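As structure tokens, the structure follows; a few thoughts come after it.
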2 protein chains.
Amino acid sequence: MALSHAIMTALIEDDMSGYELAKAFDASLGLFWNASHQQIYQELRKLAEKGWLNRRKVAQRGKPDKILYGLTLAGREALGEWVYRDSRVQESKDDLLVKLYNLSAENIGHLRVEIGERREAMMQRLYLYERIRRVHYANPQALPLRRQGVFLALRLGILAGEQYLAWCDEALDLLAREQEKLDAR
Amino acid sequence: MALSHAIMTALIEDDMSGYELAKAFDASLGLFWNASHQQIYQELRKLAEKGWLNRRKVAQRGKPDKILYGLTLAGREALGEWVYRDSRVQESKDDLLVKLYNLSAENIGHLRVEIGERREAMMQRLYLYERIRRVHYANPQALPLRRQGVFLALRLGILAGEQYLAWCDEALDLLAREQEKLDAR
DNA sequence: CCCCCGTATGCAAAATATTGCATACCTGCC
DNA sequence: GGCAGGTATGCAATATTTTGCATACGGGGG
């Protein structure tokens, strides 16, 4: 039941439509909590029924109408209480790690390629994180308290990303050496 | 559909029962792919029906009978092919990160406690990883290729864990300073 | 003898998430 | 005019995961 809280969290400062929320999830909170647009639309509806969000239609020029959602007082209270409840970590699930358990002379080339792709993707993501950090969190101590929490989450993303890059390099090195050994035969 | 492949991967070297598998998942592969015993039992059944696993009953002394599962040739082939298919990363979902987006003067104390608990838990896990590394992977280059793949996965666990500890320290520092500021009023 | 604990397997229901559509508006391009 | 593409919302069917049981064996302690 925590997608609901992630969504409400995204609405703390600004009202958003499902579409905007889905994109915000891609860029910010979604780095720590991913959700497809279908999930988001369904959850928004449920939250509105519960009275934690209000909805209003907004006509737009040149675009279809949208439905803006905002936190109600009840929603804010529910969110505030939730912070004290037990956290759960849903460990990430990664096929690649399972594949590594199956490393063989046959598939080593493929796994090197896959790791290389991961490296590239993580690099892109780190550029994004760094850009966000520079633009919005250049001087974190000066920020209001809540934003410092967001900064810490971003910081975790950055550290984790850098560590992942380091691992990719280490793995690629090891695999390259092993493949050389194989080729030498 | 990758839980099935994680299970088969766990059976590459040894036949295991559902119960043993559930515990092995806790300690090894489960660090990268978690599954409850219910999931495992169901999946084992499906895989046996598909012909990828064989099952045989084993009577034990002092314990209930168990059902041992082993990879069939078809299973091994399916696993071998799967390695070439697209990987997917299911990003981890962590309530704590969402909670940090809700940081406030009221809940800062609670969040410090939660992060402290995470730090402790990760420390314990790192001890386990390090123990495994020392016992089984003291000299990785000397290992057969497949085991080197397993080593790389372990290595990722270790690096990620160390990085997480570093983040916890950084976060605890920042939050301690902020709380001092609040208390000073 | 009874209860708890560890071993061992499982069902059923509910909650969540994914996949594959479907609709509709408007802009810009060819 | 047709078509692609971005905006915007949604349904329905599956698949996956979680939750909450339920059963049963045998050992050890009180």
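Residue numbers start from 1 in every chain, and the chains themselves are labelled A, B, ... in the order their sequence lines are given, proteins ahead of strands. Every value quoted in this text rests on a predicted model; they were computed, and no experiment measured them. Reckoned from all heavy atoms, side chains included, excluding hydrogens, waters and symmetry mates.
- Rounding to whole angstrom units, CZ of residue B/Arg56 and P of C/dA8 are separated by 14 Å.
- Among the protein residues, B/Lys93 comes within range of the sugar-phosphate backbone only, with heavy atoms under 4.0 Å from sugar or phosphate atoms but none that close to a base.
- In this structure B/Tyr19 satisfies the side-chain hydrogen bond (donor to acceptor under 3.5 Å, both in side chains) test with no other residue, sequence neighbours excluded.
- Whole-Å rounding puts the B/Gln90 CD to D/dT18 C1' distance at 14 Å.
- For A/Ser36, the side-chain contact (heavy atoms from CB on, under 4.5 Å) partners two or more places apart in sequence, or in a different chain, are A/Gln38, A/Gln39.
- Among residues at least two apart or in separate chains, there is no salt bridge (Lys or Arg N to Asp or Glu O under 4.0 Å) pair with a member in residues 70-86 of chain A.
- Contacts of B/Arg125 classified as salt bridge (Lys or Arg N to Asp or Glu O under 4.0 Å), with partners at least two apart in sequence or in another chain: A/Glu91.
- One atom, CZ of A/Phe25, and another, C1' of C/dT18, lie 17 Å apart when rounded to the nearest Å.
- Look at B/Arg88 and you'll find a side-chain N or O under 4.0 angstrom from OP1 or OP2 of C/dT19.
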Donor-acceptor pairs under 3.5 angstrom involving side-chain atoms of residues 160-169 of chain B: please list them, not counting sequence neighbours.
{"unit_1": "B/Tyr164", "atom_1": "OH", "unit_2": "B/Arg118", "atom_2": "NH1", "d": "3.2"}
{"unit_1": "B/Trp167", "atom_1": "NE1", "unit_2": "A/Leu152", "atom_2": "O", "d": "2.9"}
{"unit_1": "B/Asp169", "atom_1": "OD1", "unit_2": "B/Arg119", "atom_2": "NE", "d": "2.5"}
{"unit_1": "B/Asp169", "atom_1": "OD1", "unit_2": "B/Arg119", "atom_2": "NH2", "d": "3.3"}
{"unit_1": "B/Asp169", "atom_1": "OD2", "unit_2": "B/Arg119", "atom_2": "NH2", "d": "3.4"}

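- Atom P of nucleotide D/dT16 and atom CD1 of B/Ile7 are separated by 12 Å, given to the nearest angstrom.
- A/Gln90 and B/Ser92 share no donor-acceptor pair across their side chains, judged by distance under 3.5 Å alone.
- Remark: P of D/dT16 and CG of B/Leu3 are 9 Å apart, rounded to the nearest angstrom.
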B/S/- along nucleotides 5-12 of chain D (protein heavy atoms under 4.0 Å) is --BBBBB-
